[in-house]
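What follows is a set of notes on a single structure, which appears directly below.
Quick note on labels: first sequence line is chain A, next is B, and so on, each numbered from 1. Just so you know, these numbers come straight off a predicted model, no measurement behind them.
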Number of protein chains: 2
Amino acid sequence: MTSTDPAPSGLRPTRQRIAVAEAMASFDDFRSAQDIHELLSRRGEPVGLATVYRTLQRMVESGEVDLLRTEDGEASYRRCSDTHHHHLVCRTCGATIEVEGPGVERWTRAIAEEHGYAQVSHTLEIFGTCAACR
Amino acid sequence: MTSTDPAPSGLRPTRQRIAVAEAMASFDDFRSAQDIHELLSRRGEPVGLATVYRTLQRMVESGEVDLLRTEDGEASYRRCSDTHHHHLVCRTCGATIEVEGPGVERWTRAIAEEHGYAQVSHTLEIFGTCAACR
DNA sequence: AAGCACATGAGAATCATTGTCAACTCGGCG
DNA sequence: CGCCGAGTTGACAATGATTCTCATGTGCTT
Ligand SMILES: [Zn+2]
Ligand SMILES: [Zn+2]
Ligand SMILES: [Zn+2]
Ligand SMILES: [Zn+2]
């Protein structure tokens with residue numbers, strides 16, 4: 001199981017990487033690298049900002065965390081399930097729900113193929129205001 | 001018809017705004033604000049970078065141009081049709097095709113409603129390598 | 001022509017993200 | 001155990017896109 005690995009992928013389990021992995025497991029919404037850096041400092045497990053960025057990048061590459069661009073283009077991270085999915089995010093409080101849409105996956109593939117595009121990937125996010133924020 | 005308005009929405013048709021609007025009509029892929037700024041300079045219709053940014057923002061707000069975030073979070077702009085649509089973009093050359101997916105629109109709406117999210121919006125882009133770039 | 005709200009642009013300021021690089025740590029090896 | 005090279009870290013500088021400032025210019029109305 002990949003559920004509670006002490007550190008990202010097959011990298012050296014350093015104190016810093018473990019701290020970041022734990023931090024990522026401690027919340028459920030998307031947070032910026034800076035937020036995570038602060039969170040770690042407050043926890044008494046300070047990790048250099050550059051290291052936070054580097055570690056997060058690694059985790060994104062290995063699929064351990066998802067990266068989402070906010071509407072103003074900033075990166076935010078969240079630990080997610082490992083199957084392909086998209087997000088329904090509350091614009092106000094950040095509450096996030098993972099959603100799957102086989103139909104959408106099929107559709108994007110079909111559209112791409114139809115136009116002769118290969119190596120297809122896609123991004124799809126849904127934003128709204130959740131019930132609690134109304 | 002909104003096809004060849006001299007300037008963005010109901011704003012004053014200044015030389016700069018007209019130049020930007022014309023520039024946007026002269027290409028078919030997504031370009032960064034800086035690219036557009038350069039293009040204008042080369043054309044002999046120099047427009048201040050800040051003005052390019054401001055004008056582009058206005059055009060995005062009024063729906064005259066679409067804004068797309070590249071994978072590294074930078075904004076790029078393209079003059080598009082005024083109906084809601086998404087993009088199939090070549091990762092290599094930038095060739096862009098507008099696509100519509102009624103099914104997807106319906107799906108996102110349903111998902112959001114199902115989870116009690118209101119004021120729903122979504123972003124969806126498809127990336128791939130076009131036939132010419134293979 | 002006069003007045004004024006709107007528009008422009010050069011340059012400074014922001015600010016997220018990345019690059020540098022010397023110091024440090026891990027693990028394996030003798 | 002002590003040594004060594006590859007992998008890591010972090011303080012700080014550097015980058016680069018986007019936004020702000022604000023003094024100056026312009027479009028349009030009266
Ligand atoms: Zn996710
Ligand atoms: Zn998908
Ligand atoms: Zn478009
Ligand atoms: Zn749509």
Side-chain angles (χ1 to χ4, degrees), chain A residues 5-24 29-62 64-78 94, chain B residues 5-24 29-62 64-78 94:
Chain A
D5 277 344
S9 41
L11 304 173
R12 280 190 196 168
T14 64
R15 173 185 74 71
Q16 291 85 340
R17 304 222 251 237
I18 293 171
V20 172
E22 287 179 353
M24 292 308 291
D29 47 356
F30 282 91
R31 304 273 178 96
S32 72
Q34 313 239 16
D35 286 344
I36 295 161
H37 172 252
E38 271 185 52
L39 189 163
L40 286 165
S41 299
R42 266 199 299 287
R43 276 196 180 193
E45 286 284 346
V47 176
L49 183 56
T51 300
V52 171
Y53 271 105
R54 281 186 296 238
T55 305
L56 250 17
Q57 278 167 187
R58 255 79 175 267
M59 294 176 88
V60 168
E61 284 161 20
S62 73
E64 287 170 87
V65 310
D66 279 4
L67 181 160
L68 167 57
R69 295 261 167 207
T70 62
E71 301 199 9
D72 48 319
E74 280 153 39
S76 52
Y77 309 81
R78 176 183 193 260
Chain B
D5 276 345
S9 42
L11 304 173
R12 282 190 193 167
T14 64
R15 173 184 73 70
Q16 291 85 338
R17 302 222 252 236
I18 293 171
V20 172
E22 287 178 352
M24 292 309 290
D29 47 357
F30 281 92
R31 304 274 178 96
S32 73
Q34 313 240 16
D35 285 345
I36 294 161
H37 172 253
E38 271 185 51
L39 188 163
L40 286 165
S41 299
R42 265 200 299 287
R43 275 197 181 193
E45 285 286 345
V47 175
L49 184 55
T51 300
V52 172
Y53 271 105
R54 282 185 295 238
T55 304
L56 251 16
Q57 279 167 186
R58 256 73 176 267
M59 295 176 89
V60 167
E61 284 161 19
S62 73
E64 288 169 87
V65 311
D66 279 4
L67 179 158
L68 167 58
R69 296 261 168 206
T70 63
E71 300 199 11
D72 49 318
E74 280 153 40
S76 52
Y77 309 81
R78 177 184 192 262

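Atom pair A:L56:CG and D:dT8:C1' shows a separation of 16 Å (rounding to whole Å applied). At whole-Å resolution of the value, CG in A:D72 and P in D:dC20 are 12 Å apart. The NE2 atom of B:H37 sits 15 Å away from the C1' atom of D:dG16 (whole-angstrom rounding).
Proximity of B:Q16 to the phosphate of C:dA7: no side-chain N or O atom is located under 4.0 Å from OP1 or OP2.
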Show me the protein contacts with nucleotides 24-30 of chain D, counting only N or O atoms at under 3.5 Å.
none

Polar atom pairs between nucleotides 13-19 of chain C and protein, under 3.5 Å, N or O only, would you list them?
| from | atom 1 | to | atom 2 | distance (Å) |
| --- | --- | --- | --- | --- |
| C:dA16 | OP2 | A:Q34 | NE2 | 3.4 |
| C:dA16 | O5' | A:Q34 | NE2 | 3.4 |
| C:dT17 | OP1 | A:A75 | N | 2.9 |
| C:dT17 | OP2 | A:Y53 | OH | 2.6 |
| C:dT17 | O5' | A:Y53 | OH | 3.4 |
| C:dT18 | OP2 | A:Q57 | OE1 | 2.9 |

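Taken from CZ in B:R17 to CZ in B:R12, the straight-line distance is 8.0 Å, to the nearest 0.5 Å.
A:R31 meets the side-chain contact (heavy atoms from CB on, under 4.5 Å) test with A:F27, A:D29, A:D35, A:I36, A:L39; sequence neighbours excluded. Taking A:F30 as the reference, A:H87 meet the ring-ring contact (aromatic ring centres under 6.0 Å, His included) condition, with sequence neighbours excluded. For the side-chain hydrogen bond (donor to acceptor under 3.5 Å, both in side chains) test, no residue two or more places apart in sequence or in another chain qualifies with A:S76. Considering only residues two or more places apart in sequence or on other chains, B:E45 meets the side-chain hydrogen bond (donor to acceptor under 3.5 Å, both in side chains) condition with B:R15.
Side-chain contact check for A:T55 versus A:R58: every heavy-atom pair is 4.5 Å or farther apart. Looking at heavy atoms from C-beta onward, B:I18 lies in side-chain contact with B:E22 at the 4.5 angstrom threshold.
Checked by atom type, the side-chain pair A:S32/A:Q34 shows no donor-acceptor distance below 3.5 Å.
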